[in-house]
Structure formats: C-alpha cells, structure tokens
Asker: 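Here you go, one structure.
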There are 2 protein chains.
Amino acid sequence: MKIGDLARRTGLSAHTIRYYERIGLLPYAPRDPSRQRGYDASILTWIAFLGRLRTTGMPIRDMLRYTQLRERGPDTLDERRIILEAHRTKVRAHLAELQDCLVVLDTKIAGYAGSDTVEMDNDATDQPTRALRERLARPIGD
Amino acid sequence: MKIGDLARRTGLSAHTIRYYERIGLLPYAPRDPSRQRGYDASILTWIAFLGRLRTTGMPIRDMLRYTQLRERGPDTLDERRIILEAHRTKVRAHLAELQDCLVVLDTKIAGYAGSDTVEMDNDATDQPTRALRERLARPIGD
DNA sequence: GCTTGACTTAGAGCGCGCTCGAAGCCGTAG
DNA sequence: CTACGGCTTCGAGCGCGCTCTAAGTCAAGC
C-alpha cells in the first residue's frame, strides 16, 4: 500500500503521515526502489489507535512516549498500561466536565425557548463551574 | 473589582482578561481615574458562561458572534438560541466519540492486565473508529 | 516519446489561543 | 521619600499540530 492509499483509508493526509513518521509516531516505512513508502495493512490498526489517543486529547509528546515504549517490546507493558490508565482518568474527567456543560447549555436553550417574558433575557441560567464556585465562595484575598 | 481580583476569581490570567476585552469577548470595562479597569460582579457569570463554551470546544470566533448578538439585545434571542443548539449538537457528538474511545481504552487496559500470556502483546484490541471502519470496508479506489 | 500525477525531501508557514515583555504610571506601606 | 506591587498599552512570541511549497524523481497510460 502506498502513502496515498493509506491516506484515503485513514483519513489522514499524506503530509500528515510523513510528518508522523518524521516525528516517530509511525515506524519508518520500507521504501521501494523509487524511494516510495510501502505500507502493510497492519499499520491501519496502529493509526486507528493513535487516532483514539488524539481524539481523546493526548498530546503528541505523550503518544510518542507510548510509541517508543511499544517499540521496545513486551518489557514495557507495565509502563504502557500506566500511561493509558493515567490518560483514561483524564478523559473521564473531561467527559464529566463536558456533561456538566451540556446541562448548562440545555438549561440555557430551554430558557430561550420559553421566554415570551423578558424576565430572563439572558445569563439568568449562567452558573459558574464547580471550581469557580469554590473560588467565589472564598473572600478575595485567599 | 480590579483586574487582578477578577483574575483570581475566574482563574483567567489578567493578560487573558485584557486579551478577551481587546477581541470583544468582554465588554470594555470602565476605567478609574488612573485608567485601571473596574469590574462589576455581574461579569463573573458572563465569564463563567464563556468558560463553558471554551471547555466545550467552541472556537473564539463563534463565541464572538454570540457575544455580539447578545450586545445587540433581545432581538437576537432566536439567533443566539440557534447558535447554542448547533453547538450542543456538536458537543453531544464529541461526547459520544469520547465515550467510544473510552471503551477502547478500557479494553486495552484490561488486555494489559490479563496478559500473563504473550498472546496479545498489543494492538489485538485496536479497532478502527466507526468512520474508519466504513472506509476500510470499501475497496481502495472508491 | 510525452504527459500526467503521485511520490520524494527539507524546510517554511499557518491558525489558534493565549502568553509574555518592555516601558512606564499610580497608590499605598514603611 | 522611596520602594513595591499592580496596573496600563502595544506588540511580539510561543506551543501545538499540522499544512503547504518548491524542486525534483519516477512509472504508467496514451
């Protein structure tokens, strides 16, 4: 499989695939006699997994760390698991935050819908985040 | 309230607050005789709401659009509602995607945990995303 | 034989959302 | 009186994750 095919299959651009190889997220692809990259289908699962990490907001430098451990083989399984667990924790937290925000959004939209009255033009449904509420509860000079 | 206080209360930096004013996300704050910004407590709810939009990934240019409508008053309620509804749809989609990823992450971690056997060193649990699966199901030249 | 188009490299550029620096002013505490 | 911290403006700089350009090579189709 050539880079263009891989691009079509993964949704990444060929540019991005080369970039990923350059920085080490993708293994150095074997070149054919005319220096073109040739890919094995197995790369697809790896790229898909990288996609998951990206989607969930893992920075490239962390993906790189994971990638390098993976390349060092089964000795690094523990370390990799730890990375993923830490990441999962962050993702869960982010998810919870988003759900929180979604409720606010719903409330606000509902407010707009029912506003024949001017009573609550806007902001009546604004509520500070949990973290902000805590700060607000304390005096200024804390 | 001065900018430093507001910064402490919102978690934004003073730099960021000035930046937000500059680009129009925050209203021009009245200056005292020595040109320092003075804030009313009501700004807190607005900043909190902006925070929700940011957290949920709304680009600044869209927040700006919303802000400008808001400043134009109650005539723009409908348009604002539409913006928020569209945004909510995106947030929901993103949420679903994250939950999807979380399952993959869980599976992968579980795999690491139970691997006394080498059988599934890694990638055995990698599965393409839904979108990718669809692309993969079709022949290359589609 | 020639055109077309996908590929190669190295490196510059971009869009986003801040973040910081410089140089200077102001007001209060010691 | 002076030192200090916090404020002001304007504009440059940064970290991230790509994204694109330039100049060139190569292989297949007409």
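So that the names make sense, note that chain A is the first sequence line, chain B the second, and so on, each numbered from 1.
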Asker: Which pair of non-hydrogen atoms, one from A/Leu69 and one from A/Thr76, has the smallest distance, and what is that distance?
Answerer: O-OG1, 2.7 Å
Asker: Within the sub-3.5 Å range, which N or O atoms of nucleotides 27-30 of chain D have a protein N or O partner, and how far apart are they?
Answerer:
none

Asker: I need the OH-C1' distance between A/Tyr39 and C/dC7, as an integer number of Å.
Answerer: 11 Å
Asker: Could you measure the distance from the NE2 atom of B/His87 to the OH atom of B/Tyr66? Nearest 0.5 Å is fine.
Answerer: 11.0 Å
Asker: Does A/Arg8 put a side-chain nitrogen or oxygen below 4.0 Å from OP1 or OP2 of C/dA6?
Answerer: no
Asker: Any idea which heavy atoms bring B/Leu98 and A/Leu98 closest together, and the distance?
Answerer: CD1-CD1, 3.8 Å
Asker: Is B/Arg35 close enough to C/dC25 that one of its side-chain N or O atoms is under 4.0 Å from OP1 or OP2 there?
Answerer: no
Asker: Rounded to the Å, how far apart are B/Leu25 CG and C/dC16 P?
Answerer: 14 Å
Asker: So, does A/Arg31 use its side chain to make a donor-acceptor pair with the main chain of A/Ala29 at under 3.5 Å?
Answerer: yes
Asker: Quick one: A/Ile17 CD1 to D/dT19 P, roughly how many Å, whole number?
Answerer: 12 Å
Asker: Strictly below 4.0 Å: does A/Arg31 bring a side-chain N or O up to OP1 or OP2 of C/dT9?
Answerer: yes
Asker: Working to the nearest 0.5 Å, report the span between CG of A/Asp100 and CG of A/Leu105.
Answerer: 11.5 Å
Asker: How long is the span from the CG atom in A/Leu95 to the CG atom in B/Leu102, to the nearest 0.5 Å?
Answerer: 6.0 Å
Asker: Report the distance from atom CG of A/Leu12 to atom CZ of A/Arg54, rounding to the nearest 0.5 Å.
Answerer: 10.5 Å
Asker: Mark up nucleotides 17-23 of chain C, 5' to 3', with B wherever a protein heavy atom is under 4.0 angstrom from a base atom, S wherever such an atom reaches only the sugar-phosphate, and - elsewhere.
Answerer: BBBBB--
Asker: Show the numbers, then the answer: is there a salt bridge (Lys or Arg N to Asp or Glu O under 4.0 Å) between B/Asp5 and B/Lys2?
Answerer: CA-CA 5 Å; B/Asp5 302 326; B/Lys2 294 208 280 183; over 6 Å; no
Asker: Expressed as a whole number of angstroms, how long is the span from B/Ile3:CD1 to D/dG5:P?
Answerer: 19 Å
Asker: Could you list the residues that satisfy salt bridge (charged side-chain N to carboxylate O under 4.0 Å, His left out) with A/Arg81, not counting sequence neighbours?
Answerer: A/Asp78, A/Glu85
Asker: Nearest whole Å is fine: how far is D/dC7 C1' from B/Glu21 CD?
Answerer: 13 Å
Asker: In whole Å, what is the span from the CG atom of B/Asp32 to the C1' atom of D/dT8?
Answerer: 11 Å
